[in-house]
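Have a look at the structure below, then the notes.
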Amino acid sequence: MSRNDVGEAAMTTGEMRQLFAYDAWANGLVFEAAARLSAEQLIHPVTSSFPSVVATIAHVVGAEWVWLRRWLGENPAGFPDWVASPALADLRARLSAIEGEREAFIAGLSDADLGRVVTYRNLAGRTFSDPLDGLIRHVVNHSTYHRGQVATQLRQLGVTPPSTDLIAFLRQAR
């Protein structure tokens, strides 16, 4: 199946920067909401794909780290150790570092670079080759998916989650 078969348009660096700005904004809102939870609430079992709010956030941060490593030509065999026993403040610091490193990476990209095929191994060791722009879209979509899970977990804890919809970001940016 080709890119045209799935209706995938070429991404521009402007769109890429907007998507990562949205991702950082939405992740920031989730961290703000999580910071208002008690230590017990952060680890309280509220099952979704992951057993707690902090475990779900750790997965998002870990996945953003894994994908950046792949784009930089590395092939991590797993998530970093810090994902297994995270502290919210540590996760926030790690995400800030990932965002800074990612910004340095994307600063050197042109529109043409976004079509470059990245070959990498997934965590099971299987090799894939995909265009960078599709991988960028995947990372933002993946984080969005799990932020939705955090919203459900927050509701289960009696907390109103922030609105992290893309349209809210676009409206605020205008």
Side-chain angles (χ1 to χ4, degrees), residues 8-39 41-44 46-72 76 79-80 82-84 86-107 109 114 118 123 130-174:
E8 185 178 355
M11 177 182 277
T12 66
T13 55
E15 179 187 5
M16 173 192 58
R17 284 183 176 83
Q18 182 183 50
L19 285 173
F20 281 136
Y22 160 67
D23 189 57
W25 171 84
N27 283 338
L29 291 177
V30 167
F31 270 97
E32 287 173 18
R36 291 191 294 272
L37 298 176
S38 69
Q41 286 175 308
L42 278 171
I43 61 169
H44 184 78
V46 280
T47 305
S48 185
S49 292
F50 300 93
S52 67
V53 169
V54 74
T56 307
I57 292 172
H59 175 76
V60 169
V61 177
E64 292 205 10
W65 178 86
V66 165
W67 282 106
L68 178 60
R69 305 276 41 98
R70 289 172 178 160
W71 302 340
L72 294 172
F79 279 88
W82 48 260
V83 170
L88 191 63
D90 184 45
L91 288 173
R92 186 67 190 114
R94 290 185 186 279
L95 182 58
S96 291
I98 293 163
E99 290 169 345
E101 189 176 8
R102 184 171 59 209
E103 181 58 37
F105 168 72
I106 68 174
L109 295 177
L114 297 175
V118 176
L123 299 182
D130 296 296
L132 180 59
D133 59 355
L135 297 176
I136 288 166
R137 287 181 178 112
H138 167 71
V139 167
V140 175
N141 185 65
H142 175 266
S143 293
T144 299
Y145 174 79
H146 289 297
R147 283 190 300 266
Q149 291 179 326
V150 170
T152 298
Q153 291 173 316
L154 289 171
R155 284 187 186 99
Q156 290 175 31
L157 293 169
V159 176
T160 301
S163 173
T164 59
D165 286 338
L166 177 61
I167 193 65
F169 169 76
L170 295 173
R171 288 175 180 152
Q172 182 178 341
R174 280 197 294 253

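Sequence positions, counted from 1, serve as the residue numbers for this chain.
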Is the closest side-chain heavy-atom distance between [X] and [Y] below 4.5 Å?
{"X": "W71", "Y": "L109", "value": "no"}
{"X": "L88", "Y": "V53", "value": "no"}
{"X": "T13", "Y": "L114", "value": "yes"}
{"X": "L68", "Y": "E64", "value": "no"}
{"X": "I57", "Y": "F50", "value": "no"}
{"X": "H142", "Y": "H59", "value": "yes"}

D133 and M16: side-chain contact (heavy atoms from CB on, under 4.5 Å), yes or no, with the steps?
CA-CA 8 Å; D133 59 355; M16 173 192 58; over 6 Å; no
Interatomic distance, [X] atom [atom1] to [Y] atom [atom2] [nearest 0.5 angstrom]:
{"X": "E32", "Y": "N27", "atom1": "CD", "atom2": "CG", "value": "11.5 Å"}
{"X": "L170", "Y": "W25", "atom1": "CG", "atom2": "CH2", "value": "8.5 Å"}
{"X": "F20", "Y": "F105", "atom1": "CZ", "atom2": "CZ", "value": "8.5 Å"}
{"X": "R36", "Y": "L157", "atom1": "CZ", "atom2": "CG", "value": "13.0 Å"}
{"X": "L132", "Y": "R70", "atom1": "CG", "atom2": "CZ", "value": "13.0 Å"}
{"X": "R137", "Y": "L19", "atom1": "CZ", "atom2": "CG", "value": "7.5 Å"}

Verdict with reasoning, V46 to T56, per side-chain contact (heavy atoms from CB on, under 4.5 Å):
CA-CA 10 Å; V46 280; T56 307; over 6 Å; no
What are the two closest non-hydrogen atoms of [X] and [Y], and how far apart are they?
{"X": "A63", "Y": "F79", "answer": "N-CE2, 3.1 Å"}
{"X": "V60", "Y": "S143", "answer": "CG1-OG, 3.6 Å"}
{"X": "H44", "Y": "S52", "answer": "O-CB, 3.7 Å"}
{"X": "P76", "Y": "L123", "answer": "O-CD2, 3.6 Å"}

What about the rings of W67 and H138, do their centers lie closer together than 6.0 Å?
yes
Would you check, one step at a time, whether the test salt bridge (Lys or Arg N to Asp or Glu O under 4.0 Å) holds for R102 with D23?
CA-CA 12 Å; R102 184 171 59 209; D23 189 57; 3.7 Å; yes
Look at the side chain of Y22 and the backbone N and O of D165, then say whether any donor-acceptor pair between them is shorter than 3.5 Å.
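Not confirmed, Y22 side chain does not pair with D165 backbone.
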Quiz item: cation-pi between R94 and F31, 6.0 Å / 45°:
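Because its charged atom misses either the 6.0 Å distance or the 45° angle limit, R94 does not stack over F31.
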Y145 atom OH, over 12 foreign heavy atoms within 6.0 Å
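It does not: Y145 OH has 12 such atoms or fewer within range.
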Can you tell whether the side chains of R69 and E101 come within less than 4.0 Å, N to carboxylate O?
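A salt bridge links R69 with E101.
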Donor-acceptor pair between Q149 and H146 side chains, under 3.5 angstrom:
yes
